[in-house]
Amino acid sequence: MIEAWIGLGANLGDRAATLDAALKRIDRLPETRLCAVSRYYFTPPWGDTDQPEFLNAVARVHSELTAGELLGGLLAVESELGRQRTNRRWGPRVIDLDLLLYGTECIERPELIVPHPRLHERAFVLVPLLDLAPELTVPKRGRVDALLEQLDDNERADIRPGPEAGYDPPQDDTEIS
């Protein structure tokens with residue numbers, strides 16, 4: 001079983017309800033269990049700044065799926081929730097799910113790069129990740145707490161705590177199915 005970390009973000013529609021719906025669907029992926037969710041954070045848009053602010057979070061899952069299968073499941077969840085991919089890079093979106101880490105593996109394929117290639121530069125990922133695992137090590141980059149400290153203060157300045165996640169993972173010890 002692999003421990004994987006997923007970044008969630010939305011800046012269109014009812015963002016909190018969309019993140020909650022995404023978490024429920026992630027928890028229903030085959031051979032995957034949602035284990036923990038950070039609080040939600042309001043974050044400014046990154047890259048293309050002419051759009052509404054985001055609501056971001058990070059989730060920890062345990063999965064028997066391969067990294068490619070897990071990514072496929074995340075893309076299916078995005079589609080179910082109305083994500084339509086466009087050529088606009090860093091544009092507004094109803095939901096965005098990123099496979100940030102897959103155990104300690106380093107994967108470089110055209111369709112998947114893990115650890116996420118810009119994870120170490122993005123406070124909107126590192127702040128919620130810090131909630132769950134400050135001592136987690138990002139392969140080839142370092143610990144989450146140290147990576148966040150390395151960012152300019154202005155990268156963290158506009159990140160504000162949002163609501164608690166509206167979906168809590170089940171707290172049982174049953175086998176993954």
Side-chain angles (χ1 to χ4, degrees), residues 2-43 45-48 51-103 105 107-133 136 138 144 159 162-169 176:
I2 290 282
E3 181 176 75
W5 299 85
I6 300 166
L8 300 92
N11 74 335
L12 298 176
D14 185 341
R15 298 166 295 175
T18 301
L19 294 187
D20 292 344
L23 291 166
K24 287 178 190 175
R25 284 173 170 80
I26 290 167
D27 201 26
R28 292 184 195 134
L29 290 174
E31 301 179 77
T32 301
R33 174 177 296 129
L34 181 67
C35 300
V37 181
S38 71
R39 81 168 301 122
Y40 294 166
Y41 287 90
F42 294 107
T43 65
W46 198 93
D48 181 349
Q51 59 181 311
E53 72 179 351
F54 277 81
L55 196 61
N56 287 100
V58 168
R60 178 173 59 93
V61 300
H62 287 159
S63 186
E64 299 286 346
L65 300 177
T66 66
E69 291 167 338
L70 185 54
L71 175 64
L74 297 177
L75 294 174
V77 169
E78 286 183 344
S79 182
E80 289 170 22
L81 293 174
R83 169 96 187 251
Q84 296 179 355
R85 294 192 173 267
T86 67
N87 290 334
R88 183 176 175 189
R89 189 170 190 183
W90 300 313
R93 53 204 66 186
V94 68
I95 186 68
D96 186 34
L97 302 174
D98 290 321
L99 182 56
L100 303 172
L101 296 164
Y102 185 79
E105 290 190 31
I107 302 167
E108 288 196 39
R109 298 193 300 246
E111 72 281 4
L112 176 63
I113 299 174
V114 175
H116 189 282
R118 289 170 299 283
L119 180 159
H120 64 287
E121 301 170 347
R122 305 273 169 84
F124 66 82
V125 174
L126 292 171
V127 169
L129 197 51
L130 186 75
D131 281 354
L132 298 178
L136 179 68
V138 177
V144 168
I159 296 176
E164 296 291 330
Y167 179 75
D168 290 321
I176 292 176

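Taken to the nearest 0.5 Å, the NE2 atom of His62 stands 10.5 Å off from the CG atom of Leu34. In this structure, Asn56 CG and Thr43 OG1 are separated by 3.5 Å, a value rounded to the nearest 0.5 Å. Distance check, rounded to the nearest 0.5 Å: CZ of Arg118 to CG of Asp98 gives 8.5 Å. Taking CG from Leu129 and CD1 from Ile6, the interatomic distance works out to 12.0 Å, rounded to the nearest 0.5 Å. From Leu126, atom CG reaches atom CD of Glu121 across 10.0 Å, with rounding to the nearest 0.5 Å. If you take CG on Leu8 and CG on Asp96, they are separated by 8.5 Å, rounding to the nearest 0.5 Å.
In terms of heavy-atom proximity, Pro169 sits nearest to Val37 at CD-CG2, 4.4 Å. In this structure, Ala57 and Tyr40 approach most closely via the heavy-atom pair CB-CD2, 3.5 Å. Between Ala67 and Ile107, the shortest heavy-atom distance links the atoms CB-CD1, 3.5 Å. Here the closest heavy-atom approach between residue Val58 and residue Leu132 is recorded as O-CD1, 3.5 Å. Of all non-hydrogen atoms in Pro128 and Ala123, the two that sit nearest each other are CD-O, 4.0 Å. Leu23 approaches Tyr167 most closely through the heavy-atom pair CB-CD2, 3.7 Å.
Listed for the Arg33 side chain is no donor-acceptor partner under 3.5 Å among the backbone atoms of Ser63. In this structure a side-chain-to-backbone donor-acceptor pair under 3.5 Å is present from Glu78 to Leu97. The backbone N or O of Leu75 sits nowhere less than 3.5 Å from a side-chain atom of Ser79 that would complete a donor-acceptor pair. Side-chain atoms of Asp20 come within 3.5 Å of backbone N or O of Gly166 as a donor-acceptor pair.
The pair Lys24-Asp27 does not count as a salt bridge, with every side-chain nitrogen at least 4.0 angstrom from each carboxylate oxygen.
With sequence neighbours left out, Asp168 forms a side-chain hydrogen bond (donor to acceptor under 3.5 Å, both in side chains) with no residue at all. Taking Tyr102 as the reference, nothing meets the side-chain hydrogen bond (donor to acceptor under 3.5 Å, both in side chains) condition, with sequence neighbours excluded. A search for side-chain hydrogen bond (donor to acceptor under 3.5 Å, both in side chains) contacts involving Glu53 returns Arg160, not counting sequence neighbours.
Put simply, the side chain of Arg15 reaches to within 4.5 Å of the side chain of Phe42, judged on heavy atoms. With contacts defined as side-chain heavy-atom distances shorter than 4.5 Å, the pair Gln51/Asn11 qualifies. Put simply, the side chain of Leu55 does not reach to within 4.5 Å of the side chain of Tyr41, judged on heavy atoms. Taking the side chain as every heavy atom from C-beta outward, Ile26 and Val61 approach each other to under 4.5 Å. Two residues are said to be in side-chain contact when any heavy atoms from C-beta on lie closer than 4.5 Å; Leu99 and Trp5 fail this criterion.
For Glu111, the CD atom is densely surrounded, since the number of other residues' heavy atoms within 6.0 Å is greater than 12.
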Check the pair Leu136 / Leu101 against side chain to side chain contact (heavy atoms under 4.5 Å, CB included), numbers first and verdict last. CA-CA 10 Å; Leu136 179 68; Leu101 296 164; 3.5 Å; yes
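Shown are Val114, Ile2, Thr66; of these, the side chain to side chain contact (heavy atoms under 4.5 Å, CB included) with Glu105 is made only by Ile2.
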